[in-house]
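To keep things clear, I will list the structure first and then write my remarks on it.
Chain naming here is simple, since letters A, B, ... match the order of the sequence lines and numbering starts at 1 in each.
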Amino acid sequence: MKLLIVESPAKARKIQSYLGAGWQVRACLGHVRDLPTKDDTLPDKYKDAPFAKLGIDVDNNYAPIYVARKDKAQTIRDLRDAAKSADAVYLAADPDREGESIAWHLSVLLGLGKDALRVTYQEITERAIRQAVAHPRTIDFNLVAAQETRRVLDRLAGYGVSPLLWKAVGGPQSAGRVQSAALMLLSQREQSRLSFVPSAFWRVGVTVKSQPAFKAQVTAIRGVALATAASFTASGQLKPGLNVTQLDQEKAAQLVEYLNRQQAVVSAVTLSPVVRRPPPPLTTSGLQQAANAKLKLGAAQVTKLAQTLYEQGLITYIRTDSPHLSDEAIGLAREAVATRFGPSALPKEGRQYATKNQNAQEAHEAIRPAGKFALPEQTGLSGDELALYRLVYERTLASQMRDAVGEKTAVTLTAGVVTLHASGVVLTEKGFTALYDDQDSSEEEQTLPKLQVGERFALKDAKAEEKKSSAPGRFTEGKFVQVMEKAGIGRPSTYGATLETLQKRNYVALRNRQLHVTPLGLLVASYLMKQVPQLVNAEFTAQMEGDLDKIASGQLSRVAYLDTIWKGTLHPAIHAAKLTAPRYALPQLNAVLEVRGGIAGLVVSGQGVALPDNVLPEDLTAQTVAALMSGTFTSPKAKSPTPKRTSGAVSSKKRTTTGPTATKKSSKRAVK
DNA sequence: CAGTGAGCGAGCTTCCGCTTGACTT
């Protein structure tokens with residue numbers, strides 16, 4: 001009897017069915033050993049070591065203390081028993097950095113030694129599995145070193161910087177390579193919104209009485225362009241060096257009257273082909289984004305639903321960064337498309353998609369229907385589960401369908417001294433959009449008639465409209481998962497957990513499905529930016545990934561790299577960091593955000609007041625600030641009215657606020 | 001003398017990434 005150990009139980013069942021008798025396939029459920037946490041009891045030799053809590057002996061080549069994970073005690077016992085009675089043990093954790101590490105930890109726990117048998121495969125088919133077990137290799141210790149470097153760095157950074165926040169901010173705060181970089185991205189967006197000054201401008205549109213009629217916008221007067229949102233800076237000024245006309249209400253009204261008396265002459269018609277490619281098959285971040293946008297589901301809920309679909313064998317593994325489809329999957333998808341839309345809906349060859357993500361590890365396939373591609377209505381699912389399966393199903397099929405093809409028409413018209421523009425798109429071949437449309441349907445483009453240069457039309461219904469430039473929008477959970485992926489922060493298995501941590505710490509809160517940074521979050525981000533800028537820099541992770549690759553290929557030593565980062569950068573910054581409580585000025589309100597004992601407060605002309613739990617920066621206006629200071633403030637809208645759709649991650653722990661005396665009660669450690 | 005409350009000081013918090021059930025609310 002041979003024992004094969006994989007990570008996931010679902011995978012184990014599948015592979016067991018391929019290998020059959022003579023093999024026992026078991027799952028280890030991910031990592032089995034880790035650095036100690038405060039709940040772990042250490043081996044006697046480390047009990048009194050000064051680095052026991054940190055779990056890393058920095059002065060001894062950053063040697064980690066590894067302990068068997070408590071939550072895996074039963075799993076480890078089972079695997080040991082199985083290994084004892086096996087003739088050979090094959091370690092088949094996922095083919096990536098973490099998987100190689102898991103294989104090594106297993107080899108230690110099961111006493112398999114340096115020559116333990118390691119196997120990897122890229123897809124789960126009988127042929128691929130048999131091929132893999134026929135050609136085992138040994139563990140790649142450089143790759144294991146790369147993982148250990150990542151783990152050690154994260155512990156050093158997290159346990160090094162978090163205590164600064166305990167002292168400067170108070171309360172159980174936290175910082176880390178991933179959560180703090182994510183908080184910084186959100187905080188920068190919130191700050192640019194806070195400082196944004198909207199600019200008003202007028203736009204004038206008119207209906208052109210052709211057959212059929214269409215709408216055109218005024219773009220210039222006497223050759224000088226009209227101001228648009230893009231003409232203004234974030235501080236509400238016209239961009240320098242820009243020659244534009246800025247209408248006021250009166251001038252806009254004059255223009256409306258002028259246009260209604262004019263005829264327009266077509267002065268230019270530009271036709272250009274439009275080709276839209278289908279979106280790629282789903283990855284974890286793509287699923288989060290699509291389910292959030294189309295089904296209004298929160299990150300935690302998408303994960304939960306997708307996990308149940310995975311466990312029912314309806315879709316493939318849900319934590320992946322690869323859009324790759326196996327040949328078998330492409331065949332099944334093409335078959336399903338042909339059945340539904342006929343063979344003409346398919347391109348000659350199957351489509352394969354490459355990842356755009358530099359940090360992708362590509363240990364798993366894209367998220368797609370598993371097995372025989374059950375039709376959504378045949379799955380027996382209902383509600384959100386059905387909707388999510390349908391999304392996966394349709395995105396997979398769409399990725400194999402033909403491009404949507406059409407033509408874009410752009411028209412310029414002249415009406416006296418006024419220049420007008422109109423454009424329209426006509427799809428001549430619907431392609432994949434017959435099944436899945438990823439364009440926002442609210443931005444539907446109009447259809448223009450065939451027009452000739454020199455044609456003349458009357459105008460009617462001119463309308464002037466005041467518009468305002470708007471600040472960059474906040475992120476939804478789905479959108480932000482994509483931002484994290486693009487920045488290389490976090491992994492498919494942690495995007496959701498990072499969002500939960502930020503909410504649990506009360507740095508970030510969801511309102512109307514948008515991620516807001518809380519006052520506390522602004523203060524923490526501003527403190528970290530000032531004292532430990534290296535940690536909040538999104539580039540930090542990207543560079544780390546490059547260096548980990550060098551360690552994995554043997555070009556860089558683990559100790560040399562950790563010395564550069566820890567002794568050269570992070571440790572000096574932590575050592576020099578000031579422990580003063582952060583402040584955040586709100587100049588428009590003549591107010592300052594401060595923090596005492598982990599609770600954000602507002603100070604106006606020497607008077608301080610603690611902010612209630614659910615007050616967000618967007619709530620802080622002259623009126624609310626006055627109400628807060630006079631004690632007549634009532635909390636903004638209570639919890640979201642549709643709790644089913646919220647992520648479920650929001651901490652509901654009640655804080656007792658200390659009222660208007662919070663500032664007076666300043667503790668000395670927050671000052672010194 | 002017992003009960004109360006202000007004031008002080010000690011002890012605590014934390015990271016990221018891989019996987020699911022086994023727990024309680």
Do we get A:Arg33 above A:Trp104's six-membered ring, with its NZ or CZ under 6.0 Å from the centre and within 45° of the axis?
yes

Less than 4.0 angstrom between a side-chain N/O of A:His105 and OP1 or OP2 of B:dG17, yes or no?
no

In plain terms, say whether A:Arg491 and A:Glu485 are close enough for a salt bridge, that is, a side-chain N and a carboxylate O under 4.0 Å apart.
no

With nearest nucleotide decided by heavy atoms, which residue, A:Tyr310 or A:Lys53, maps closer to the 5′ end of DNA chain B?
A:Lys53

Looking only at side-chain atoms of A:Tyr317, point me to the closest of B:dC16, B:dT14, B:dT19.
B:dT19

May I ask you to decide whether A:Asp140 forms a salt bridge with A:Arg118, counting only side-chain N to carboxylate O separations under 4.0 Å?
no

For A:Glu148 and B:dC18, give me the distance from atom CD to atom C1', rounded to whole Å.
16 Å

Can you give me the dot-bracket string for DNA chain B, 5' to 3', counting Watson-Crick and G-U wobble pairs with both distances under 3.5 Å, using [ ] for crossing pairs and | for partners on another strand?
.........................

Base, sugar-phosphate or nothing for A:Ala175? Non-hydrogen atoms, less than 4.0 Å.
sugar-phosphate

Here the distance between atom C1' of B:dC16 and atom CG of A:Leu502, to the nearest Å, is 13 Å

Can you tell me if A:Arg150 touches the phosphate of B:dC18, counting only side-chain N or O atoms and a distance under 4.0 Å to OP1 or OP2?
no

Give the rounded distance in Å between these two atoms: CD of A:Glu98 and C1' of B:dT19.
12 Å

Quick check on B:dC16: is either OP1 or OP2 less than 4.0 Å from any side-chain nitrogen or oxygen of A:Gln179?
yes

Would A:Tyr159 count as stacked on B:dC15 if the rule is ring centres under 5.5 Å and plane angle under 30°?
no

A:Thr501 side chain: which of B:dG21, B:dT13, B:dC15 is closest?
B:dC15

Counting side-chain heavy atoms from C-beta on, which of B:dT19, B:dT13, B:dC16 comes nearest to A:Arg177?
B:dC16

Under-4.0 Å salt bridge between A:Asp94 and A:Lys11
yes

Rounded distance [0.5 Å steps], CD in A:Glu362 versus CG in A:Asn357:
8.5 Å

Electrostatic pair A:Arg150-A:Asp154, nearest N-O below 4.0 angstrom
yes

What's the closest nucleotide to the A:Arg491 side chain, out of B:dC16, B:dG17, B:dT19?
B:dG17

Rounded to whole angstroms, how far apart are CG on A:Asp96 and P on B:dC18?
6 Å

Describe the nucleic acid contact of A:Gly176 in one word from base, sugar-phosphate, nothing, applying a heavy-atom distance below 4.0 Å.
sugar-phosphate

Report yes if at least one side-chain N or O of A:Ser8 is closer than 4.0 Å to OP1 or OP2 of B:dC18; otherwise report no.
no

For atom NZ of A:Lys72 and atom C1' of B:dG17, their distance in whole Å
10 Å

Protein-nucleotide distance (A:Asp78, atom CG; B:dT20, atom P), rounded to Å:
16 Å

Nearest listed nucleotide, side chain of A:Arg69, among B:dG21, B:dG17, B:dT13
B:dG17

Any A:Thr494 side-chain N or O less than 4.0 Å from OP1/OP2 of B:dC16
no

If you look at every strand shown and take non-hydrogen atoms under 4.0 Å, does A:Gly99 touch a base, only sugar-phosphate, or nothing?
nothing

Phosphate OP1/OP2 of B:dC18: any A:Ser493 side-chain N/O under 4.0 Å:
yes

Out of B:dT14, B:dC16, B:dT13, which has the shortest distance to the side chain of A:Lys38?
B:dT13

Pick base, sugar-phosphate or nothing for A:Ser101, based on heavy-atom distances below 4.0 Å to the nucleic acid.
nothing

Quickly work out the A:Ile76 CD1 to B:dC18 C1' distance and round it to whole Å.
13 Å

Between the base of B:dC15 and the side chain of A:Arg151, is there a donor-acceptor distance below 3.5 Å?
yes

Looking at A:Glu365 and A:Arg368, does any basic side-chain N land under 4.0 Å from a carboxylate oxygen?
yes

Side chain of A:Asp34: nearest nucleotide among B:dT14, B:dG17, B:dT20?
B:dG17

Taking 4.0 angstrom as the limit, do A:Arg97 and A:Glu545 come out as a salt bridge?
yes

Rounded to whole Å, the CG-P distance (A:Asp94 to B:dT20) equals 9 Å

Under a 4.0 Å N-O cut-off, is there an ion pair linking A:Glu594 with A:Arg596?
yes

Check every atom of B:dT14, B:dT20, B:dC16 against the side chain of A:Arg505 and return the nucleotide holding the closest atom.
B:dT14

